[in-house]
Amino acid sequence: MQVEITPEETAVLIRWKKRADNYVLVRMKAEAILYASRGVDVSIIAEMVERSVKTIREWLTG
């Protein structure tokens with residue numbers, strides 16, 4: 001599932017991914033979106049962020 005994001009959105013997501021605070025879920029979602037924007041398969045993304053494929057698909061459609 002390919003996700004199209006702008007360079008500005010990419011920069012924001014990278015900043016979220018690098019944060020070291022209590023927003024773990026937000027960081028995982030940012031990471032998933034970044035992977036999807038690079039064409040990584042949903043099953044691999046699910047493995048990387050330790051969530052189900054169904055959950056990743058929901059994140060990406062949202």
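Keep in mind the model is a prediction, meaning the values are calculated, not measured.
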Please determine whether residues Met48 and Met28 belong to a single hydrophobic cluster, defined as Ile, Leu, Val, Met, Phe, Trp and Tyr linked transitively by side-chain heavy-atom distances below 4.5 Å.
yes
Would you mind writing out the side-chain donor-acceptor pairs for residues 51-62 within the sub-3.5 Å range, not counting sequence neighbours?
unit_1 : atom_1 : unit_2 : atom_2 : d
Ser52  : OG     : Thr55  : N      : 3.1
Ser52  : OG     : Thr55  : OG1    : 2.9
Thr61  : OG1    : Arg57  : O      : 2.4
Thr61  : OG1    : Glu58  : O      : 3.4

State plainly whether one hydrophobic cluster holds both Ile33 and Leu25, where clusters connect Ile, Leu, Val, Met, Phe, Trp and Tyr through side-chain heavy atoms under 4.5 angstrom apart.
yes
side-chain contact (heavy atoms from CB on, under 4.5 Å) assessment of Val26 paired with Lys29
CA-CA 5 Å; Val26 175; Lys29 286 182 178 186; 5.7 Å; no
Throw together a table of side-chain donor-acceptor distances under 3.5 angstrom for residues 35-43, partners on residues two or more places apart or in other chains.
unit_1 : atom_1 : unit_2 : atom_2 : d
Tyr35  : OH     : Glu31  : OE2    : 3.1
Ser37  : OG     : Leu34  : O      : 2.7
Asp41  : OD2    : Ser43  : N      : 3.0
Asp41  : OD2    : Ser43  : OG     : 2.4

Contacts under 3.5 angstrom, residues 10-19 side chains, donor-acceptor by atom type, not counting sequence neighbours:
unit_1 : atom_1 : unit_2 : atom_2 : d
Thr10  : OG1    : Thr6   : O      : 3.0
Arg19  : NE     : Asp21  : OD2    : 2.7
Arg19  : NH2    : Asp21  : OD2    : 2.4

